[in-house]
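Encoded as structure tokens, the structure appears first; notes follow it.
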Amino acid sequence: MSISSRLPVRTRFDIHDYDLAATLSSGQAFRWESQGNHWVSVIEGRWVRLSSTQDAIVAETVEAAESWSWLVNYLQLQLDLSPVLAAFPNDNPMLEATKACHGLRLLRQDPWECLASFILSSSKQIVQIQQIVGLLCGRLGERVVVPPDHLPCFSFPTPERLADCSEAELRACKMGFRAAYLKKTASMIAASEVNLASLPASGIEDARQELLKLPGVGRKIADCVLLFAYGFQKAFPIDVWVTKALRELYFRGRPVSQERLQSFTEAYFGPFGGYAQQYLFHYMRLRERRLTLRKP
DNA sequence: TCAGACCCTCACAG
DNA sequence: ACTGTGAGGGTCT
């Protein structure tokens, strides 16, 4: 058998309150591809295929893994959701959102991939971000081992790799003006001007300040990385969707400054504010989809 | 504090 | 079918 393909190994995890499809398609990660009942992606250089039932997730990979901790951590399978939901504000909007998004989870992603992906996200729709990230990996990532007869899959390119690219090579991945930001940020990471590995040890505020040193990273993207990669549960990324949700649900549709929204969310949504944010975001997208998906 | 620029793609109107 | 138009998980100046 060729080195580039091996038969999959399967394992099964018991779950409770875990909506895999909602979680993987909720705009926090951009490399999950839906294939029938399965979800396929590459996590830290490993090909992986997931499927789920009411009470279990089945995972397939090609390495005979001695440990599944990398996947357990990524999917946050050990997390009990009920204390999180219990800590949400007990108001009507949040009740609606939790009902509509039952089982939605936050992932714990690789910081570099998360950071780079969100630099690419500015002024883009989620489908477009997925396309850009897919091109970036296909053109500049390394091939990973996949099962026989499976299409080729690629790892997320390292900071060093992207730092060595020309801006034109990056633009060829359809990222437009974001190319300069990505290249510069990759160079700074590669040169250890900002050390992603040391951030978890700092508090959320110091970690945020470090991320804000990177070009193309403002408050919103910094908060996405703090929440989706480092697990700072108080981080509350405020984008156009969440702004709209907060304004409609808590400010009677009146215009509100970003600063005011920031202090409101910090005070109002509590220690799991980031989780609440994801529920509001997904809830808004579901409502929007229901409205726009009226094609016969 | 505030527009406007920044690239490019796709959905949607006409 | 074919072209025109606008806005899209922001950030920077």
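Quick note: numbers below take in every heavy atom, side chains included, and nothing from hydrogens, waters or symmetry partners. Throughout, a chain's letter reflects where its sequence line sits, starting with A, and its residues are numbered from 1.
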Between A:Ser123 and A:Gln131, the residue closer to the 5' end of DNA chain B by nearest nucleotide is A:Ser123
Step by step, work out the salt bridge (Lys or Arg N to Asp or Glu O under 4.0 Å) result for A:Glu96 and A:Arg287. CA-CA 11 Å; A:Glu96 290 290 321; A:Arg287 289 192 356 183; over 6 Å; no
Using whole Å, what does the distance between atom P of nucleotide B:dC7 and atom CD1 of A:Ile119 come to? 16 Å
Once you round it to whole Å, what is the distance between P of C:dC12 and NZ of A:Lys184? 11 Å
So which nucleotide from C:dT11, C:dG8, B:dC6 ends up closest to the side chain of A:Gln128? C:dG8
Roughly, in whole Å, what's the span from NZ in A:Lys244 to P in C:dG10? 13 Å
Of the listed B:dC10, C:dT11, B:dC7, the closest approach to the A:Tyr181 side chain comes from C:dT11
Looking at every strand, decide which applies to A:Lys174 at a 4.0 Å heavy-atom threshold: base, sugar-phosphate, or nothing. sugar-phosphate
Value in whole Å for how far the C1' atom of C:dG6 lies from CD of A:Gln125: 11 Å
A:Phe177 over B:dC6, stacked by centroid distance under 5.5 Å, angle under 30°: yes
For the side chain of A:Ile221, starting at C-beta, report the closest nucleotide among B:dC7, C:dG10, B:dC10. C:dG10
Mate of C:dT11 where both pairing distances stay under 3.5 Å, Watson-Crick or G-U: B:dA5
Do the side-chain N or O atoms of A:Arg171 get closer than 4.0 angstrom to the phosphate oxygens (OP1, OP2) of B:dC7? yes
Please round to the nearest 0.5 Å and tell me the distance separating atom CD1 of A:Ile43 and atom CH2 of A:Trp32. 4.0 Å
For A:Lys213 and C:dC12, what is the distance between atoms NZ and P respectively, to the nearest whole Å? 15 Å
For B:dG4 versus C:dG6, give the span between their P atoms, rounded off to a whole number of Å. 15 Å
